[in-house]
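Comments concern the structure below.
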Number of protein chains: 2
Amino acid sequence: MLFFTQCFGAVLDLIHLRFQHYKAKRVFSAAGQLVCVVNPTHSLKYAPTRCAAAQESAEQGILPPCHHHEAVHDPQLVPCTCPLFSCPWEGHLEVVVSHLRQTHRINILHGAEIVFLATDMNLPAPTDWIIMHSCLGHQFLLVLRKQEKYEGHPQFFATMMLIGTPSQANNFTYRLELNRNQRRLKWEATPRSVLECVDSVISDGDCLVLNTSLAQLFSDNGSLAIGIAITTSKVHSSEAEM
Amino acid sequence: MLFFTQCFGAVLDLIHLRFQHYKAKRVFSAAGQLVCVVNPTHSLKYAPTRCAAAQESAEQGILPPCHHHEAVHDPQLVPCTCPLFSCPWEGHLEVVVSHLRQTHRINILHGAEIVFLATDMNLPAPTDWIIMHSCLGHQFLLVLRKQEKYEGHPQFFATMMLIGTPSQANNFTYRLELNRNQRRLKWEATPRSVLECVDSVISDGDCLVLNTSLAQLFSDNGSLAIGIAITTSKVHSSEAEM
């Protein structure tokens, strides 16, 4: 009996996901756009980590190990860039992607434009939604995080990091787009390198930030669809002068 | 001597404003776009007001006076819609604009696309930056507010309200755009009617919300340039189905 109940539950889940997928595709109506359903992970990494230690030392004026990697020219070991777990792994930048896939089971998607459908937005903070995105010959890490910067007031932070060096990251622009209920919010920026620590990008607030009420307006039945596009960056002459 | 010092100060101010105006024009490079320098006003309206009372009664399940005006068909008296002051004025919707200009000295600008250049972003909260915008045969009220929703953490809230009824407001879409430092943030939505109270729109967070660090990234020397565009709304068939 338990087996049949579980089977029925799984079928209902599949129908629900299929329906969400269909709706997300309809909102971002570009034909052939890939929709990826991303389940949340309750983040286990809230003990002081290598990145947190790096930030502390940066505040004290010591060159942090994260930034130390910025000017890597020779192959050097880099720490694990998974934002979820404190992982002792170290390796070359070129094998970070396979480490994230194999050890941390982070999915990878291919295509210039995808829709990231984060489910269960109502779960309590801290929670992360993470995928890798392969595009234009590079791999990017998309992180959506629910976090309480101010106690009792969770916010959502979304950013895209290049699995590469900061100088490689400067060649790209990423766009995150929310579109629902006659409202549209677009964030465009240069991706940061995973060597710069996703935690510090989020604590600086240099990313797409949503308060809970806005996240609810954009979400549908507890799921938030984020349209993602990556392009090679064009330097605007007017901005470059600034 | 004092006279010469004051004259010199005024000339320096003019040069500074001219420079800001030039830079804002360069960021939003559309030719002929009007740049309006908007000075802050320390909001005096933080005693319980008519709108606050309306919100309280709404929470208690009583139809608030603000919403009472939503379904106005015959000319009726509406309260003053100035977000800055608790003003006892009442009048017809058609004369709200002249009341705001004459009594509250709120400037009015004409044109489909303008740049709103808010100065002195570093002033402490609560502070408001307000102008009226005349476009497509209607007048809109643009409100940028610095407010501490969470004590010690000021945020910026920007919204556009139609000086008209909610059904008239549904015919328009407004866009607010920030563009600086290789980052771009766009917010598009249907304007709300001034009869719905700007305070409640901001407390609901149904507007463009910026935390202090993001506002600093987008501002230049304490001034924030917001590109504004208003269009007649097109109903997206895919969204209308949702």
Checked A/R175, A/K149, A/K186 vs chain B; the most non-hydrogen pairs under 4.5 Å come from A/K186
Rounded to the nearest 0.5 Å, how far does CZ of B/R184 lie from CD of A/E188? 5.0 Å
Could you tell me which portion of B/L185 (side chain, backbone, both or neither) has an atom closer than 4.5 angstrom to a non-hydrogen atom of chain A? both
Taking the side chain as C-beta and beyond, is there a heavy-atom pair between B/V209 and A/V209 under 4.5 Å? no
Apply side chain to side chain contact (heavy atoms under 4.5 Å, CB included) to A/R183 and B/D206, showing your working. CA-CA 9 Å; A/R183 286 158 186 84; B/D206 183 12; 2.7 Å; yes
So which atom in B/S213 and which in A/G205 form the shortest heavy-atom distance, rounded to 0.1 Å? OG-CA, 4.0 Å
Using non-hydrogen atoms only, which part of B/N211 is less than 4.5 Å away from chain A: side chain, backbone, both, or neither? side chain
Is the A/F218 ring parallel, tilted or perpendicular to the B/W187 ring (thresholds 30°, 60°)? perpendicular
Contacting region of A/E151 [heavy-atom separation from chain B under 4.5 Å]: neither
